[in-house]
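Remember, it's a predicted structure, so these values are computed and weren't measured experimentally.
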Amino acid sequence: ALSATAAAIFISLGAYAVCYRRHFVRLAESLDVVGGAQHTRRIPVPNSILRLIFPTQFERAVASFIASVLTRSERHLMFFGGYLGIGLVLTAQTAMDSMNRHSREPLNPDLLCIPLMIAFFMLTGLRFVFEMPAGLTANWIFRSIIEHPAPDPRRPVRKMMLVCILTWQIAVLFPLTCLQFGWRIALMHTATVTLLSITLIELLLARFHKIPFTCSSRPDIRMLLMRILGTVIAAMIVVPVLAAIEQSMLLKPVRFLFGGILLALAWYGIWRYRRAAAFEPQNITFEDVAPPQFELLKLV
């Protein structure tokens, strides 16, 4: 323990000394800059795949803008990374508990929690960071290309979230679960995590009528911290319950019928929630107006 503690201290000091001059010295000068002057490494994606995922020009423009901000804006990266750091701590604690707990059960619910918790924090972190504006002086380009009726901005945002989730769930989660428990358990587990992730995406985007990073919203820092705290508490309560339900279904696949009923009820609640929002104006929002402190009755 003493050797590990000393090694962690020296590694931390060395990493801090190496990274300080390169990044943190210029941090105060680049917080409000999206980062167009810096060269970033790009992963080339064939145009055929982009047109297949994002068929319209509006969707490709929104997806490109989201990817540019998430990879070039230090302010958004710091917020998103800090939020994911909270999720990483909770996920690591869950993984350590599952390793220290000698359970005779064939499927440990703590292990089933890990992919659900990763997906939860990734999706909610993206939803939070989408509210932070970037380059408001340039959002006129989106205003100028919007036609009437306005396209649904949730479609490209939903697809970007799905790309961020499905890539590692198929490429990492399925092979690891297959090696540990076999292909049947891996298939059912991956399908369950994917369906729950899609359900969470639909819930997060139920009343989302914005192009990410283009709305001039200035959320109160206290309200933002309360939302983050509420999300973390929800993850600590809801995710273990879902993992316990999934464990019972994996042990007896017949119980997947019960899980299907619960999932159908969740989708029905989302549909009712979106139906209630259908009476609100559906135009794309570029400015969040604070609710008035006084409401007139307008009886005359």
Side-chain angles (χ1 to χ4, degrees), residues 1-20 23-24 70-71 74 76-129 161 163-181 185-186 188-190 192-197 199-201 204 224-248 250:
L2 292 176
S3 301
T5 303
I9 293 175
F10 283 110
I11 292 174
S12 301
L13 292 176
Y16 181 81
V18 171
C19 298
Y20 177 80
H23 294 284
F24 289 90
L70 289 178
T71 55
E74 293 185 359
H76 292 80
L77 282 175
M78 287 183 62
F79 181 85
F80 187 53
Y83 185 82
L84 290 183
I86 299 175
L88 179 62
V89 171
L90 295 179
T91 304
Q93 183 64 42
T94 304
M96 293 298 295
D97 292 341
S98 65
M99 295 175 61
N100 295 330
R101 184 182 302 170
H102 300 284
S103 177
R104 297 181 180 179
E105 298 178 354
L107 294 173
N108 193 339
D110 291 334
L111 289 178
L112 300 178
C113 271
I114 295 176
L116 291 174
M117 195 168 293
I118 293 175
F120 183 88
F121 278 98
M122 285 187 65
L123 294 176
T124 53
L126 287 174
R127 181 62 177 84
F128 280 135
V129 78
M161 286 184 168
V163 169
C164 295
I165 291 298
L166 295 181
T167 49
W168 65 267
Q169 289 180 355
I170 296 175
V172 179
L173 177 61
F174 180 78
L176 291 180
T177 312
C178 187
L179 292 175
Q180 185 71 22
F181 301 105
I185 297 296
M188 291 186 291
H189 179 51
T190 305
T192 302
V193 174
T194 302
L195 288 175
L196 291 177
S197 301
T199 304
L200 179 60
I201 290 175
L204 294 174
L224 184 61
L225 292 177
M226 291 299 296
R227 289 175 59 185
I228 295 176
L229 181 60
T231 304
V232 172
I233 295 175
M236 297 175 62
I237 297 175
V238 176
V239 173
V241 173
L242 293 176
I245 295 175
E246 183 187 3
Q247 180 198 25
S248 65
L250 292 176

Item to check | Spacing of SG belonging to Cys113 relative to CD belonging to Gln247, to within rounding of 0.5 Å | outcome: 10.0 Å
Checklist entry - By side-chain contact (heavy atoms from CB on, under 4.5 Å), which residues pair with Ile9, not counting sequence neighbours? => result Thr5, Leu13
Item to check | Results of side chain to side chain donor-acceptor pair (under 3.5 Å) for Thr199 - residues two or more places apart only | outcome: Trp267
Checklist entry - If you measure from CG on Leu173 to CD1 on Ile118, what distance do you get to the nearest 0.5 Å? => result 8.5 Å
Next on the checklist: Quick check for you: to the nearest 0.5 Å, what is the distance between Leu204 atom CG and Phe128 atom CZ?
Outcome noted: 8.5 Å
Checklist outcome for this item: Sorted by chain and residue number, the side chain to side chain donor-acceptor pair (under 3.5 Å) partners of Thr194 (sequence neighbours excluded) come out as Gln169
Item to check | Sequence-distant partners of Leu179, side-chain contact (heavy atoms from CB on, under 4.5 Å), two or more places apart | outcome: none
Donor-acceptor list for residues 81-93 side chains, cut-off 3.5 Å, not counting sequence neighbours:
unit_1, atom_1, unit_2, atom_2, d
Tyr83, OH, Thr124, OG1, 2.7
Thr91, OG1, Gly87, O, 2.7
Gln93, NE2, Asp97, OD1, 3.1

Item to check | Distance in Å, Leu112 CG paired with Leu250 CG, rounded so as to fall on 0.5 Å steps | outcome: 6.0 Å
Checklist entry - What are the two closest heavy atoms between Leu126 and Phe80, and how far apart are they? => result N-CE1, 3.6 Å
Item to check | Heavy-atom side-chain contact between Met122 and Trp168 under 4.5 Å | outcome: yes
Item to check | Nearest non-hydrogen partners of Met161 and Arg127, listed with the distance | outcome: CE-N, 4.1 Å
Checklist entry - What residues form a side-chain contact (heavy atoms from CB on, under 4.5 Å) with Leu242, not counting sequence neighbours? => result Leu116, Leu196, Val238
Item to check | Residues which pass side-chain contact (heavy atoms from CB on, under 4.5 Å) with Leu111, listed by chain and number, not counting sequence neighbours | outcome: Ser98, Asn108, Ile114
